[in-house]
Amino acid sequence: MDNTAFKSIIYSTSEDGKVAYITLNRPKHFNAIDQNIPRELRAALRLANFDPSVHCIVIKGNGPGFCGGYDLSIYAEHAQRGETEGSQDPTKGYDPFRDYLSMGEATECYSELFRSHKPTIAQVHGAAVAGGSDIALCCDLVIMADDARIGYPPSRVWGCPTTAMWAHRVGPEQAKRMLFTGDLIDGKEAAAMGLILKSVPGEQLAETVNLLADRIKDVPINQLWMHKQVINSGIEGAVRSSQRLATIFDGITRNSPEGIAFQSKATLSGFKAAIKERDGPGNSESYRQRWKTKL
């Protein structure tokens with residue numbers, strides 16, 4: 001895929017050609033994941049990796065946020081027709097392999113950020129939630145705005161993070177806290193727990209990412225590749241194993257009794273109502289502030 005064929009992202013490079021920028025470009029939908037984003041992300045990473053001028057890659061979002069997860073207005077329609085994305089028609093039985101083929105392909109696309117030969121940096125503002133957190137956490141380095149939010153609320157019902165990066169980034173206890181609760185946390189808390197590299201005021205986000213990219217881009221590409229291979233080799237087997245299990249479980253969560261009940265609620269009342277009921281007050285500002293006082 002060449003650069004002109006992209007529909008849901010923008011691919012560009014810095015003036016000196018050493019930094020590639022992949023911008024999720026569905027701003028009216030909070031850059032929610034459609035059928036194009038996974039494969040276009042993979043194609044853009046391939047462009048950057050095979051460009052001899054590019055030393056590092058920055059992924060960011062256009063508009064009010066990084067990525068709000070899967071576009072439920074699209075995937076709900078598939079689910080209601082009993083198609084692969086979302087809950088399958090329970091009267092026909094659940095085919096885990098059919099589900100795995102679809103979600104496994106998306107997971108492979110996001111994981112290209114982790115496997116990329118060249119360093120990847122996520123620049124997160126607004127929200128990186130659900131599938132958006134999958135994309136951000138597959139990057140080598142994540143920098144967030146202080147007031148940005150990250151988390152995986154579908155871990156409460158109707159989802160399991162298929163890229164399975166949580167435990168590999170913060171260890172089992174913090175990962176369990178995040179996935180047992182489905183909490184959203186801001187950039188400051190994400191940095192404090194070691195989930196991301198750094199949190200900065202929103203107005204300093206782009207400058208901070210550029211400062212890091214400028215520092216990295218003058219290192220020879222082969223040096224960057226070797227260091228990344230050495231570090232990744234320590235966890236890549238565990239990552240693949242976790243992703244395989246998580247992708248299977250993601251399908252099960254969407255087709256479990258609770259998952260089907262959630263889907264039915266969404267069909268009757270809309271996804272916003274179903275999500276509000278699922279999440280309760282747990283991701284409200286008052287809850288987050290009360291939790292922070294206990295840290």
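- Each of Arg42, Arg115, Gln243 was checked for a side chain to side chain donor-acceptor pair (under 3.5 Å) with Glu108, and the lone residue meeting it is Arg115.
- In this pair, Trp225 and His117 present their aromatic rings perpendicular. The plane angle is above 60°, beyond the 30 to 60° band.
- Without hydrogens or angle criteria, Arg149 side chain to Leu184 main chain gives no donor-acceptor distance under 3.5 Å.
- Atoms CZ and OG, on Arg26 and Ser8 in that order, are 5.5 Å from each other to the nearest 0.5 Å.
- In this structure, Lys198 places its NZ atom where only 12 or fewer heavy-atom neighbours from other residues, nucleotides or ligands lie under 6.0 Å away.
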Worked verdict on Phe114 versus Ile235 for side chain to side chain contact (heavy atoms under 4.5 Å, CB included): CA-CA 11 Å; Phe114 173 75; Ile235 62 170; 3.9 Å; yes
Taking it one step at a time, do Val54 and Thr13 satisfy side chain to side chain contact (heavy atoms under 4.5 Å, CB included)? CA-CA 8 Å; Val54 171; Thr13 56; 4.3 Å; yes
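- A donor-acceptor pair under 3.5 Å is absent between the side-chain atoms of Gln123 and the main chain of Val209, judged by distance alone.
- Panel note: side chain Arg156, backbone Thr181; a donor-acceptor pair is recorded below 3.5 Å.
- Side-chain contact between Tyr152 and Met178 is absent, with no heavy atoms from C-beta onward closer than 4.5 Å.
- Inspection of the Asp16 and Ser14 side chains reveals an N or O donor paired with an N or O acceptor under 3.5 Å.
- Within a 6.0 Å sphere centred on CZ of Phe249, other residues, nucleotides and ligands contribute 12 heavy atoms or fewer.
- The shortest side-chain heavy-atom distance between Ser133 and Met165 does not fall under the 4.5 Å cut-off.
- Summarising the geometry of Pro153 relative to Asp279, their closest heavy-atom pair is CB-OD2, 3.8 Å, with the distance given to 0.1 Å.
- A single hydrophobic cluster is not seen to contain both Ile59 and Leu205; linkage of ILVMFWY side chains at heavy-atom distances under 4.5 Å, directly or through other members, places them apart.
- Side-chain atoms of Arg169 come within 3.5 Å of backbone atoms of Leu195 as a donor-acceptor pair (strictly under, hydrogens ignored).
- A distance-only check finds no donor-acceptor pair linking the side chain of His55 to the backbone of Gly17 [under 3.5 Å].
- One N or O on the side chain of Ser256 and one on the backbone of Thr253 form a donor-acceptor pair closer than 3.5 Å.
- Ser241 places no side-chain N or O within donor-acceptor distance of the main-chain N or O of Gly237, the cut-off being under 3.5 Å.
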Criterion side chain to side chain contact (heavy atoms under 4.5 Å, CB included) on Lys276 and Phe271, from CA distance to verdict: CA-CA 8 Å; Lys276 183 177 181 181; Phe271 263 100; over 6 Å; no
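- Enclosure of atom NZ in Lys188 is not indicated, since only 12 or fewer non-hydrogen atoms of other residues, nucleotides or ligands lie within 6.0 angstrom.
- Taking hydrophobic clusters as Ile, Leu, Val, Met, Phe, Trp and Tyr residues chained together by side-chain heavy-atom distances below 4.5 Å, Leu72 does not share a cluster with Phe30.
- Here the side chain of Asp51 pairs no donor or acceptor atom with the backbone of Leu47 at under 3.5 angstrom.
- Contact of the Ile196 side chain with the Val124 side chain is not registered, since no non-hydrogen atoms from C-beta on lie closer than 4.5 Å.
- By the neighbour-count criterion of 12 heavy atoms within 6.0 Å, atom OH of Tyr21 is densely surrounded, having more than that number from other residues, nucleotides or ligands.
- The residues Lys18 and Asp218 are annotated as salt-bridged, a charged nitrogen and a carboxylate oxygen being separated by less than 4.0 angstrom.
- Here the closest heavy-atom approach between residue Asn31 and residue Gly65 is recorded as ND2-O, 2.8 Å.
- Contact check for Ser116 versus Ile57: side-chain heavy atoms found under the 4.5 Å cut-off.
- Salt bridge status for Asp34 with Lys7: absent, with no side-chain N to carboxylate O gap under 4.0 Å.
- When atom types are taken as modelled, the side chain of Asp186 and the backbone of Asp147 share no donor-acceptor pair closer than 3.5 angstrom.
- In this structure, Glu189 pairs ionically with Arg177, as a charged nitrogen and a carboxylate oxygen lie closer than 4.0 Å.
- Atom CD in Glu203 sits 9.5 Å away from atom OG1 in Thr208 (nearest 0.5 Å).
- Counting heavy atoms from C-beta outward, Ile216 and Ile121 have side chains that approach closer than 4.5 Å.
- Leu24 is not connected to Val129 by any chain of hydrophobic side-chain contacts under 4.5 Å among Ile, Leu, Val, Met, Phe, Trp and Tyr, and they are in different clusters.
- Side-chain atoms of Ser233 come within 3.5 Å of backbone atoms of Val230 as a donor-acceptor pair (strictly under, hydrogens ignored).
- No side-chain heavy atom of Phe66 sits under 4.5 Å from any side-chain heavy atom of Ile150.
- Residues Pro96 and Ile252 have side chains not in contact (no heavy-atom distance under 4.5 Å, counting atoms from C-beta outward).
- Side-chain contact between Tyr100 and Asp250 is absent, with no heavy atoms from C-beta onward closer than 4.5 Å.
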Check the pair Leu113, Thr163 against side chain to side chain contact (heavy atoms under 4.5 Å, CB included), reporting the backbone distance first and the verdict last. CA-CA 11 Å; Leu113 290 157; Thr163 59; over 6 Å; no
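- Applying the 6.0 Å contact sphere to CD of Glu173 captures no more than 12 heavy atoms from other residues, nucleotides or ligands.
- Considering CH2 of Trp166 and CG of Leu137, their distance stands at 5.5 Å, rounded to 0.5 Å.
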